[in-house]
> 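Below is the structure I would like to discuss, written out as structure tokens.
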Amino acid sequence: MMPNQDVARGTSTSGADHQHLIACEYCDTVYQRTGLAEGEQALCLRCGATLYRESSRAYRRLLPLVVTALILFLMSNVFPIVEMDLKGIRTQTTLWGAVATLYADKMSLVALLVFATTILFPLTEMLMMLYLLVQMRRHRLPTGFARIVHSMQITRPWGMIEVYLLGVVVTLVKLSSLADILPGVALWSFSVLVIVLATMLSFDPRDLWQYVKKGQPR
């Protein structure tokens, strides 16, 4: 188990740099950031929730992970997810094709929900993260840094690629008795994408504040 460190600093902010403050997302108690050793995490004194972790290693891995996720995301949306062979008739579909089919079948709300949770929100977060990390790699303060970090915190819960993938797998299992199922390239890239995104999501966007001035750790 990782060693923990309670944050015992007072909540007075007079003269303090607001970039060094952090609020508990559960009880809204405000603390001043303190330095942590590798593997430590700071806990809220009021409710015991995790405020932040020492994440320099995760930060160094973020840019390669984001680039990898974007490549996998592109593959997942270009190549077929699955191909079905039913009595000699072969059909295949992509994620975009599934959204278009739902819309054509007059299920506009479902089509919009699938589009937003599996395409729009995940892609938006990856592009925002890519923009911030590239600028920070150049030791620049990204324009609109605070707004982008806040937007990432809002859109993150709405990215549900893993839920979509689970639904696809369940559907394929049910259809396997009726037709021959041939997994497409996109199904495998989706599977890897879920793992990459899970690794990315372990990094709290708020932690970018501690790197924005000093730039990429060496």
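Since the structure is predicted, the reported quantities are computational estimates derived from the model, not experimental observations.
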> Nearest 0.5 Å, what's the CG-OG1 distance between Leu132 and Thr143?
10.5 Å
> Once you round to the nearest 0.5 Å, how far does OG1 of Thr68 lie from CE of Met126?
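Rounded to the nearest 0.5 Å, the OG1-CE separation comes out at 11.0 Å.
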> Can you confirm whether Tyr31 sits close enough to Cys44 that some side-chain heavy atom of one is under 4.5 Å from a side-chain heavy atom of the other?
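When only atoms from C-beta onward are counted, Cys44 and Tyr31 do touch, with a gap below 4.5 Å.
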> If I compare all heavy atoms of Leu102 with all of Ala111, which pair ends up nearest, and what's the gap?
CB-CB, 3.7 Å
> Within the 4.5 Å heavy-atom criterion, are Tyr26 and Arg46 side-chain neighbours or not?
no
> Rounded to the nearest 0.5 Å, what separates atom CG in Leu72 from atom CG in Asn77?
11.0 Å
> Identify the heavy atoms of Leu120 and Thr124 that sit nearest to each other, and give their distance.
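Reported closest heavy-atom pair: O-OG1, 2.7 Å.
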> Leu95 versus Phe190: any side-chain heavy-atom pair under 4.5 Å?
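Yes, their side chains come closer than 4.5 Å.
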> Which atoms form the tightest heavy-atom contact between Leu130 and Val66, and what is the distance?
CB-CG1, 3.8 Å
> Report the distance from atom CG of Leu74 to atom OG of Ser189, rounding to the nearest 0.5 Å.
9.5 Å
> Quick one: do Trp188 and Met75 satisfy side-chain contact (heavy atoms from CB on, under 4.5 Å)? Show the steps, please.
CA-CA 10 Å; Trp188 303 113; Met75 293 175 59; over 6 Å; no
> Treating Ile, Leu, Val, Met, Phe, Trp and Tyr as nodes and any side-chain heavy-atom pair under 4.5 angstrom as an edge, say whether Val67 and Met200 lie in one connected cluster.
yes
> When hydrophobic residues are tied together by side-chain contacts of less than 4.5 Å, even through go-betweens, does Trp96 share a cluster with Leu187?
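Looking at the clustering, Leu187 is in the same group as Trp96.
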> Using 0.5 Å steps for rounding, measure from the CE atom of Met128 to the CD1 atom of Ile148.
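That separation rounds to 7.5 Å.
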> Just wondering, do Phe73 and Ile119 contact through their side chains at under 4.5 Å, heavy atoms?
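Answer yes - side chains close enough.
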> Any link between Ile195 and Leu70 through a network of hydrophobic side chains (Ile, Leu, Val, Met, Phe, Trp, Tyr) touching at under 4.5 Å?
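No; tracing contacts between hydrophobic side chains, which count when under 4.5 Å, never links both residues.
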> Do Leu127 and Leu133 land in one hydrophobic cluster if side-chain heavy atoms of ILVMFWY residues count as linked below 4.5 Å?
yes
> Quick one: pull up CG in Leu197 and CZ in Arg156 and give me the separation to the nearest 0.5 Å.
9.5 Å
> Kindly work out whether a path of hydrophobic side-chain contacts (I/L/V/M/F/W/Y, heavy atoms less than 4.5 Å apart) joins Leu65 to Val134.
yes
> Return yes if some donor-acceptor pair links the side-chain N/O of Tyr131 with the main-chain N/O of Pro142 below 3.5 Å, else return no.
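The answer is no, because no donor-acceptor pair under 3.5 Å joins these two groups.
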> Less than 4.5 Å apart, side chain to side chain, heavy atoms only: is that true for Leu113 and Leu109?
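Contact flag for Leu113/Leu109 side chains = no.
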> Between Met129 and Leu208, is there a side-chain heavy-atom distance shorter than 4.5 Å?
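Yes, side chains in contact.
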